[in-house]
Amino acid sequence: MADRRGLLIILSSPSGAGKSTLARRLMQWDSNLEFSISATTRAPRPGEEHGREYFFLSEDAFKQQVTDGQMLEHAHVFGNFYGSPAGPVRDSIDQGRDVLFDVDWQGEVQIRNSDLGKHALSIFILPPSIPELRRRLEVRGQDSDDVIAKRMLKSWDEISHWGYYDYVLINDDLDATEEKLKTIVSAERMRRIQQPGLQEHIRTLQAEFEDQ
Ligand code: ADP
Ligand code: 5GP
């Protein structure tokens, strides 16, 4: 058995607050982190590859995986289905590797309520202001004005679920937010429940104590 169990690290935010940027930085920080590649029914964007950003599935294939119990969670977001395949997550956390999820609030609730929920760590990323959120979506240059308007409209729905999360970070200065995230992950890795070898160590201490 691994020395420690992996965490399910859930990052959520309104689109544009900086969650993907922070997720990338966390992945660069520690090679022990795995990114949970979601399945989706949305079309790939230019540059996206099947099996790298997402597993791009037809609606029928997606629904079949849900029916077969292969999704840890799934949700309908911006008119498409998204879901997190369960198999790789279970393997990783048993091997002591943390899994990073970029999912919306519906995903957070379902992961928290799943059998793996006790290993979940959820972090919500807030923008410093709504005008700054809009500016970031514009600067990113990935979406048309129409899509940016839709994301802005949806942003309050996502923000309104901030209270379900273990931690909430205001992503003003990117480097400072990154440092806070690393601090949170480092501490949470030491939760008692994340250390399966503790019982054994306690038994050894007890035997030594009784023998002295
Ligand atoms: P999300 O994944 O939440 O949709 P991104 O990570 O794509 O957001 O970030 C949106 C844009 O904002 C990107 O251009 C990114 O470089 C920029 N960004 C992220 N965090 C900050 C920050 N703290 N200050 C300024 N710009 C930021
Ligand atoms: P995008 O299409 O821009 O990549 O993602 C749109 C939204 O879907 C984002 O808010 C993202 O967090 C969410 N999302 C991506 N994958 C999943 C998933 O597997 N489950 C859930 N619940 N949400 C997801």
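When a ligand or atom number is given, it counts from 1 through the structure's own listing order.
- Between Thr21 and ligand 1, at least one pair of N/O atoms sits closer than 3.5 Å.
- When non-hydrogen atoms are compared, ligand 2 lies under 4.0 Å from neither the backbone nor the side chain of Glu53.
- Using a 4.0 Å cut-off to heavy atoms of Asp172, the atoms of ligand 1 that qualify are 22 (C), 23 (N), 24 (N).
- For atom 2 (O) of ligand 2, the closest non-hydrogen atom on the protein side is Tyr82 OH, 2.5 Å.
- When heavy-atom distances to ligand 2 are checked against a 4.0 Å cut-off, His74 has no atom that comes that close, whether in backbone or side chain.
- Residue Gln106 places no heavy atom under 4.0 Å from ligand 2.
- Every atom of ligand 1 with a heavy atom of Ser13 under 4.0 Å away is listed here by number and element: 3 (O).
- For ligand 2 and Val77, the ligand atoms under 4.0 Å from any heavy atom of the residue are 7 (C), 8 (O).
- Nearest protein heavy-atom contact of atom 19 (O) of ligand 2 is Ser38 OG, 2.7 Å.
- Scanning all protein heavy atoms for the shortest distance to atom 11 (C) of ligand 2 gives Asp102 OD1, 3.5 Å.
- For ligand 1, the polar-atom distance check against Gly16 finds a nitrogen or oxygen pair separated by under 3.5 Å.
- Counting heavy atoms from C-beta on, the side chains of Arg5 and Asp94 come closer than 4.5 Å.
- Not a single heavy atom of Ser15 lies less than 4.0 angstrom from ligand 2.
- For ligand 1, the atoms lying closer than 4.0 Å to a non-hydrogen atom of Ser15 are 4 (O).
- Annotation: cation-pi geometry satisfied between Lys154 and Phe78 (NZ/CZ under 6.0 angstrom from ring centroid, within 45° of ring axis).
- Contact annotation: Ile125 has no heavy atom less than 4.0 Å from any atom of ligand 1.
- In terms of protein heavy-atom proximity, atom 23 (N) of ligand 2 is closest to Asp104 N, 3.2 Å.
- Side-chain contact check for Asp68 and Gln64: at least one donor-acceptor pair (N or O, by modelled atom type) lies under 3.5 Å.
- When heavy-atom distances to ligand 2 are checked against a 4.0 Å cut-off, Lys19 comes that close only through its side chain, counted from C-beta outward.
- Each of the following atoms of ligand 2 lies closer than 4.0 Å to a heavy atom of Gly107: 22 (N).
- By the criterion of a heavy-atom distance under 4.0 Å, the side chain of Tyr54, and not its backbone, is placed next to ligand 2.
- Using modelled atom types, one finds no donor on one side chain facing an acceptor on the other under 3.5 Å when comparing Ser12 with Glu108.
- At a cut-off of 3.5 Å, with distance as the only test, a side-chain donor of Asn171 or Thr177 sits close to an acceptor on the other residue.
- Shortest contact from atom 20 (N) of ligand 2 to any protein heavy atom: Glu73 OE2, 2.7 Å.
- Checking only distances, Glu132 never comes within under 3.5 Å of ligand 1, N or O to N or O.
- Residue-to-ligand polar distances keep Arg135 apart from ligand 1: every N/O pair is separated by 3.5 Å or more.
- Annotation for ligand 2: atoms under 4.0 Å from non-hydrogen atoms of Ala75 are 22 (N).
- The six-membered or imidazole ring of Tyr82 lies near that of Tyr54, with a centre-to-centre distance under 6.0 Å.
- Set against the non-hydrogen atoms of Ser20, the atoms of ligand 1 under 4.0 Å away are 1 (P), 2 (O), 6 (O).
- Remark: distances from the non-hydrogen atoms of Val139 to ligand 1 are all 4.0 Å or more.
- If you look at Phe55 and His50, their ring centroids are closer than 6.0 Å.
- Under 4.0 Å from ligand 2, the heavy atoms of Arg151 that appear belong solely to its side chain.
- Contact annotation for Arg45 and ligand 2: only side-chain heavy atoms (C-beta onward) come within less than 4.0 Å of the ligand.
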